[in-house]
Amino acid sequence: MNNILKSTKLDFSLVKPYIKVIGFTMLLPIAFAAINRSILTGVSFAMCFIAMTTGYTFSVTEKNSMERLYGILPIKKSEMVTGRYLFVLALGALALVVSLITQPLVLRAMGESVGTLDMISAAIGGLFLFALYTVFQIPGYYKYGAIKGRVFMYIPVAGFLATLFFLPKMPTDNPIVTTVVSSPVLLIGLVLVLVVVMYAVSIWFSIRIMENKEM
């Protein structure tokens with residue numbers, strides 16, 4: 001676990017030059033929340049935007065040819081991969097917290113009512129979307145690198161647009177959907193289980209990719 005945390009700290013140090021950009025990325029969705037007068041929309045945009053920054057660590061590593069440095073570090077490839085996922089999750093959690101603090105303040109200042117249930121729904125939706133984006137992005141970056149894998153940076157955008165397009169068309173009279181939606185506890189539990197499973201599979205793929213690479 002100690003090596004995983006060290007790997008995470010190294011990734012944090014790699015993105016220091018991008019701190020201002022990341023901070024702006026976290027605050028920009030406030031405008032979308034204000035325009036749409038919806039915290040769910042604002043948080044969804046926030047998680048979409050922050051997911052696009054996950055390629056920074058891969059870009060810095062590749063640009064500075066740091067693969068050899070990683071190769072001589074007394075750390076397993078599986079620990080490096082897990083550390084990077086931990087970094088990505090920490091970044092996503094920070095963006096979610098910032099959004100859930102700033103966006104309700106702005107919306108309430110505009111006269112909109114933002115209740116606890118609204119915030120929980122936005123948090124669950126944002127968490128699921130962020131996981132859905134990054135579980136595909138990270139293995140793609142490991143497989144193709146930061147330059148060739150740039151196409152994976154646009155997965156959040158495509159995913160967000162697809163969500164906006166298909167969500168209104170989903171059947172609401174399905175008994176399973178009705179049961180899940182009507183029970184907040186069940187919905188939260190289902191989302192958390194899905195997120196854990198998705199990340200477990202994604203981490204496994206990323207580790208396999210890294211173990212087949214020479215460093």
### Query
Can a salt bridge be assigned to the pair E211 and K77 using a cut-off of 4.0 Å between side-chain N and carboxylate O?
no
### Query
Looking only at heavy atoms, what is the nearest atom pair of F128 and L194, with distance?
CE1-CD1, 4.1 Å
Hey, can you pull the donor-acceptor pairs under 3.5 Å for the side chains in residues 12-29, sequence neighbours left out?
from, atom 1, to, atom 2, distance (Å)
S13, OG, L10, O, 2.5
T25, OG1, V21, O, 2.7

### Task
Check the hydrophobic clustering (I, L, V, M, F, W, Y; side-chain heavy atoms under 4.5 Å; chains of links allowed) and say if V114 and I120 are grouped together.
yes
### Task
Establish whether V197 and L190 are linked, either directly or via other cluster members, by ILVMFWY side-chain heavy-atom contacts under 4.5 Å.
no
### Query
Are T53 and I50 side-chain neighbours, meaning at least one heavy-atom pair lies under 4.5 Å?
yes
### Message
I'd like to check F87 versus T54 (side-chain heavy atoms, cut-off strictly below 4.5 Å). Are they in contact?
### Response
no
### Query
To the nearest 0.5 Å, how far apart are CG in D11 and OG1 in T57?
5.0 Å
### Query
How many angstroms lie between atom CD1 of I124 and atom CG of L96, to the nearest 0.5 angstrom?
9.0 Å
#### Entry: Closest contact, heavy atoms only, V43 versus S99
CG2-CB, 4.1 Å
### Intermediate values then yes/no, side-chain contact (heavy atoms from CB on, under 4.5 Å), L127 and L192
CA-CA 9 Å; L127 174 63; L192 291 177; 3.8 Å; yes
### Query
Where the side chain of R84 meets the backbone of S7, is there a donor-acceptor pair that is under 3.5 Å apart?
no
### Query
Are M119 and M110 joined in one hydrophobic group, where the rule is that I, L, V, M, F, W and Y side chains link up if heavy atoms are under 4.5 Å apart?
yes
### Closest contact, heavy atoms only, M80 versus M210
CE-CE, 4.0 Å
### Query
Just by distance, do the side chain of D118 and the backbone of G115 share a donor-acceptor pair under 3.5 Å?
yes
### From NZ (K9) to CG (L86), nearest 0.5 Å
11.0 Å
### Query
L94, Y56: one ILVMFWY side-chain cluster at the under-4.5 Å cut-off?
yes
Do any side-chain atoms of residues 198-208 form donor-acceptor pairs under 3.5 angstrom with protein atoms, and if so which ones, sequence neighbours left out?
from, atom 1, to, atom 2, distance (Å)
Y199, OH, T134, OG1, 2.6
S202, OG, Y85, OH, 2.5
S202, OG, V135, O, 2.8
S206, OG, Y85, OH, 2.7
S206, OG, S202, O, 3.1

### Shortest non-hydrogen contact from A34 toward V106
CB-CG1, 4.3 Å
### Query
Within the distance-only criterion (no hydrogens, no angle test), does the side chain of T8 pair as donor or acceptor with the backbone N or O of I4 below 3.5 angstrom?
yes
#### Entry: Non-hydrogen atoms of S44 and L40 that approach each other most closely
OG-O, 2.7 Å
#### Entry: Minimum side-chain heavy-atom gap C48-L129 below 4.5 Å
no
## Note on the structure
Taking every heavy atom of P104 against every heavy atom of I39, the minimum-distance pair comes out as CG-CD1, 3.5 Å
### Message
Using modelled atom types and a 3.5 Å cut-off, is there a donor and acceptor pairing between side-chain atoms of Q103 and backbone atoms of L100?
### Response
no
### Query
Do side-chain atoms of Q137 reach the backbone of A51 as a donor and acceptor pair under 3.5 angstrom?
yes
### Query
Do F49 and F32 pass the ring-ring contact (aromatic ring centres under 6.0 Å, His included) test, and can you show the C-alpha distance, the side-chain angles, and the key distance before you say yes or no?
CA-CA 12 Å; F49 289 166; F32 292 94; 5.7 Å; yes
